[in-house]
Amino acid sequence: MNFPDYLLLLFGMGLVTYLPRWLPLFALARRRLPQWLVDWLSLIPVAILSALIAPTLLTDSAPRALHLGKPELLVAIPTLLFALKTRSLGGTVLVGMLLFWAAKSLL
């Protein structure tokens, strides 16, 4: 590939990344959304985060077998409880890292 092809590729990747985000904002910016839709949309980040984290916490890698004794899961539970109680992102990250280090050292 030569330089103009790379520029075209970079422009195309930017376009397909930017347009799906911009079009809904542009189309819905002046409209009032129903409350049920706003409530439903607020659940999307939680669902995505859960979908990303659950396989790591609950399964082994290759055949995806359920494994409930993983250190990641054992650390995630008290870290979640700390996060719910304190609502502190920095404290939650620190507690999670310290608990994970302790679990890796002891197990």
Side-chain angles (χ1 to χ4, degrees):
M1 281 180 110
N2 53 23
F3 186 71
D5 290 339
Y6 278 115
L7 283 179
L8 183 62
L9 180 66
L10 186 65
F11 176 75
M13 289 188 311
L15 192 65
V16 300
T17 300
Y18 182 71
L19 276 180
R21 296 174 184 180
W22 179 78
L23 286 175
L25 287 175
F26 180 74
L28 300 174
R30 305 252 188 254
R31 295 188 180 174
R32 183 122 172 102
L33 298 175
Q35 188 59 40
W36 65 267
L37 182 59
V38 172
D39 293 341
W40 182 79
L41 289 172
S42 71
L43 298 175
I44 291 176
V46 176
I48 292 172
L49 183 63
S50 300
L52 291 172
I53 292 176
T56 303
L57 294 179
L58 300 173
T59 62
D60 282 333
S61 59
R64 289 287 182 211
L66 184 64
H67 183 70
L68 297 178
K70 292 180 69 173
E72 291 90 349
L73 179 62
L74 299 175
V75 168
I77 295 168
T79 304
L80 174 66
L81 294 174
F82 179 85
L84 292 174
K85 181 171 175 52
T86 64
R87 303 282 185 190
S88 166
L89 178 62
T92 301
V93 170
L94 187 62
V95 166
M97 290 172 58
L98 290 173
L99 287 175
F100 187 72
W101 173 76
K104 283 293 193 177
S105 298
L106 297 175
L107 298 177

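For reference, positions follow the sequence shown, starting with 1. Since this is a predicted model, take the numbers as computed values, not measurements.
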| field | Between CG on residue Leu9 and CE on residue Met13, distance to nearest 0.5 Å | value | 4.5 Å

| said: Taking Val46 as the starting point, is it possible to reach Leu49 by hopping between hydrophobic residues whose side chains are less than 4.5 Å apart? | reply: no

| note | When every non-hydrogen atom of Tyr6 is compared with those of Met1, the smallest separation belongs to CE1-O, 3.5 Å

| said: Could you work out, with side chain to side chain contact (heavy atoms under 4.5 Å, CB included) as the rule, every residue matching Ile48, not counting sequence neighbours? | reply: Ile44, Leu52

| query | Linking Ile, Leu, Val, Met, Phe, Trp and Tyr by side-chain heavy atoms under 4.5 Å, what else ends up with Leu89? | reply | Val93, Met97

| For Val75 against Gly96, the heavy-atom pair lying closest together | CG1-O, 3.6 Å

| message | Checking Thr59 now: which residues fulfil side chain to side chain contact (heavy atoms under 4.5 Å, CB included) with it, not counting sequence neighbours? | response | Pro55, Arg64

| query | Taking only residues two or more places apart in sequence or in another chain, which ones pass side chain to side chain donor-acceptor pair (under 3.5 Å) with Asp5? | reply | none

| message | When you group the ILVMFWY residues by side-chain heavy-atom contacts below 4.5 Å and let the links chain together, are Leu10 and Phe3 in the same group? | response | no

| query | Apart from Leu98 itself, what residues make up its hydrophobic cluster when side-chain heavy atoms of I, L, V, M, F, W and Y under 4.5 Å apart count as a link, directly or indirectly? | reply | Leu94

| remark: Residues joined to Leu80 in its hydrophobic cluster, side chain to side chain under 4.5 Å directly or through other members, sorted by chain and number, are Leu84

| remark: Note: with side-chain heavy atoms under 4.5 Å as the link, the other cluster members for Leu25 come out as none

| query | Which pairs with one or both residues in residues 86-104 pass side-chain hydrogen bond (donor to acceptor under 3.5 Å, both in side chains), sequence neighbours excluded? | reply | none

| Do Leu106 and Leu74 share a hydrophobic cluster (ILVMFWY, side-chain heavy atoms under 4.5 Å, transitive)? | no

| said: Quick test of your reading: applying side-chain hydrogen bond (donor to acceptor under 3.5 Å, both in side chains), list the pairs with at least one residue in residues 12-36, sequence neighbours left out, ordered by first then second residue. | reply: Gln35-Asp39

| field | Heavy-atom pair of closest approach, residues Leu68 and Leu73 | value | O-CD2, 3.4 Å

| task | Under the side chain to side chain contact (heavy atoms under 4.5 Å, CB included) rule, collect the residues that match up with Pro78, sequence neighbours excluded. | result | Leu99

